[in-house]
Amino acid sequence: MTTVAEDSELAGLRDALGLLKDREQVAQRLLESSAKHSFDPDKELDWDAPVEDGKWFWPPELVSLYDTPMWRRMSEEQRHDLARHEAASLASLGIWFEIILMQLLVRHIYDKSVTSAHVRYALTEIADECRHSMMFARMIEKGGAPTYPVTRLNHNLARVLKTVSTTPGSFACTLLGEEILDWMQRLTFPDERVQTIVRGVTRIHVVEEARHVRYAREELRRQMVTAPRWERELTRVSSGEAARVFSIAFVNPQVYTNVGLNRREAVAQVKASGHRREVMQSGAKRLTDFLDDIGVLRGPGRRLWKSSGLLA
Ligand SMILES: [Fe+2]
Ligand SMILES: [Fe+2]
């Protein structure tokens, strides 16, 4: 005869085994998809083709100042210039995120079975991110705009996060970095007004990133079930704080100075822009719906998400 305590312990074990089996199945499918659809950007894209006259480096509607009074006063050339600098700024942000993610993934698998599909997929994803970061760097160089590092403070905050963060928080931050940029890239690669090289870069990224999003989502969903209560609470607050920092750091304000605009006024107009708010909230919607569903958007964390402007 088993006691009630033993019963619930057995049920817990069964659940945990079910989750682990599910984890292997997800990873197996992602590995199969990676084998079929992975790209070498160095070979896949024509890096020697000249920059095309009159084409955008980023769709104008996704440029931060779009549809503001300042935008309406800018010449077409200056708008193109700003789009080129914002593309470089977002690519710089992307590289920063990917470098953080690579370290988080390495730490995530450190104690796990090296022959599991889950670990093999994590290694595949690290290899993807390696190629992406090199690809983004090449794209920045091609556009002729500088790289745009995040502020010293954010750079160092992330140094702490990537070194100590426990896993559910790591995966929530991963999704934050991946999903909003991914939403923008899905609008960019089919856009014929955009430079061919940028369309190629965003197409490769969207295809490979879809698997990363799946991997992080499934892992976060499992961890929000299995992690101890304090860790779930911490994830709610840390992801809200990450959303707040992310929304501020999203476009480096130096881009405005570099295209000859008043930085302070530009930042104020972006902040007041209804169009921009809608873009950022639409970009975050898939993510915030998911996080809400698995219980991340509760309590004080939810208020931080709202203050980030990413949650309506
Ligand atoms: Fe990536
Ligand atoms: Fe990724």
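Heavy-atom basis, side chains included; hydrogens, waters and symmetry copies ignored. Both ligands and their constituent atoms are indexed starting at 1 by order of listing. Along the sequence shown, residues carry numbers from 1.
Outside the 6.0 Å centre-distance limit, the rings of His80 and His85 are not counted as a close aromatic pair. Ring pair Phe189/His205: centre-to-centre distance not below 6.0 Å.
Sorting the N, O or S atoms of Glu178 by how far they are from the Fe ion (ligand 2) puts OE2 first. The Fe ion (ligand 1) is closest to atom OE1 of Glu209 (considering only N, O or S atoms). Closest N/O/S atom of His212 to the Fe ion (ligand 2): ND1.
Screening Asp182, Asp293, Asp292 for a salt bridge (Lys or Arg N to Asp or Glu O under 4.0 Å) involving Arg286 leaves a single residue, Asp182.
The ring-ring contact (aromatic ring centres under 6.0 Å, His included) contacts involving residues 238-283 comprise Tyr66-His275, Phe97-Phe246, Phe246-Phe250, where partners must be two or more places apart or lie in separate chains.
Judged by the 6.0 Å and 45° rule, Arg131 forms no cation-pi pair with Phe39.
Around the Fe ion (ligand 1), the angle linking Glu129 (OE1) with His132 (ND1) is 90°, rounded to 10 degrees. Vertex the Fe ion (ligand 1); arms to His205 NE2 and Glu98 OE2; angle rounded to 10 degrees, 90°.
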